[in-house]
Student: 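Encoded as structure tokens, here's the structure I'll be asking about.
No hydrogens, no waters, no symmetry mates; every other heavy atom, side chains included, goes into these values.
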Amino acid sequence: MLRYTLASPEEPKRPRKNGRTRANNQGSIFPYKNGWAGYVWVTTPEGKKTRKWAYGKTREETHEKWL
């Protein structure tokens, strides 16, 4: 049996996470250590998939390398 409890008026509600942190098709670029990192999946001539990484101090620099 499931039990549901409603928050009382005194209890603060948890904030909802409804905003995006990255744009479409850019889920592989993210903050990393002292800058930004990004990866892209590449298919080798043998048919295997491997990840290639790009790093940069700024998001724009990393995005250029990522492209």
Student: Can Val40 and Val42 be said to form a side chain to side chain contact (heavy atoms under 4.5 Å, CB included), step by step?
Tutor: CA-CA 6 Å; Val40 63; Val42 178; 4.1 Å; yes
Student: Do Tyr55 and Thr62 come close enough that some side-chain heavy atom pair is under 4.5 Å?
Tutor: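 They are not in side-chain contact.
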Student: Tell me every residue that passes side-chain hydrogen bond (donor to acceptor under 3.5 Å, both in side chains) with Thr58, counting only those two or more places apart in sequence or in another chain.
Tutor: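 Not a single residue meets the side-chain hydrogen bond (donor to acceptor under 3.5 Å, both in side chains) criterion with Thr58.
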Student: Mind checking side chain to side chain contact (heavy atoms under 4.5 Å, CB included) for Tyr39 and listing every partner two or more places apart, or none if nothing turns up?
Tutor: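 Partners of Tyr39 under the side chain to side chain contact (heavy atoms under 4.5 Å, CB included) test: Ser28, Phe30, Trp41, Arg51, Trp53.
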Student: Could you list the residues that satisfy salt bridge (charged side-chain N to carboxylate O under 4.0 Å, His left out) with Glu61, not counting sequence neighbours?
Tutor: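 So Glu61 forms a salt bridge (charged side-chain N to carboxylate O under 4.0 Å, His left out) with Lys65.
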Student: With sequence neighbours excluded, tell me which residues meet side chain to side chain contact (heavy atoms under 4.5 Å, CB included) with Thr43.
Tutor: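 Thr43 satisfies side chain to side chain contact (heavy atoms under 4.5 Å, CB included) with Lys49 once adjacent residues are dropped.
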Student: At their closest point, which heavy atom of His63 faces which heavy atom of Ile29, and how far apart are they?
Tutor: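 Shortest heavy-atom contact: CD2-CD1, 3.6 Å.
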Student: Check side-chain hydrogen bond (donor to acceptor under 3.5 Å, both in side chains) between Glu60 and all other residues, then give those that pass, not counting sequence neighbours.
Tutor: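 side-chain hydrogen bond (donor to acceptor under 3.5 Å, both in side chains) list for Glu60, sorted by chain: empty.
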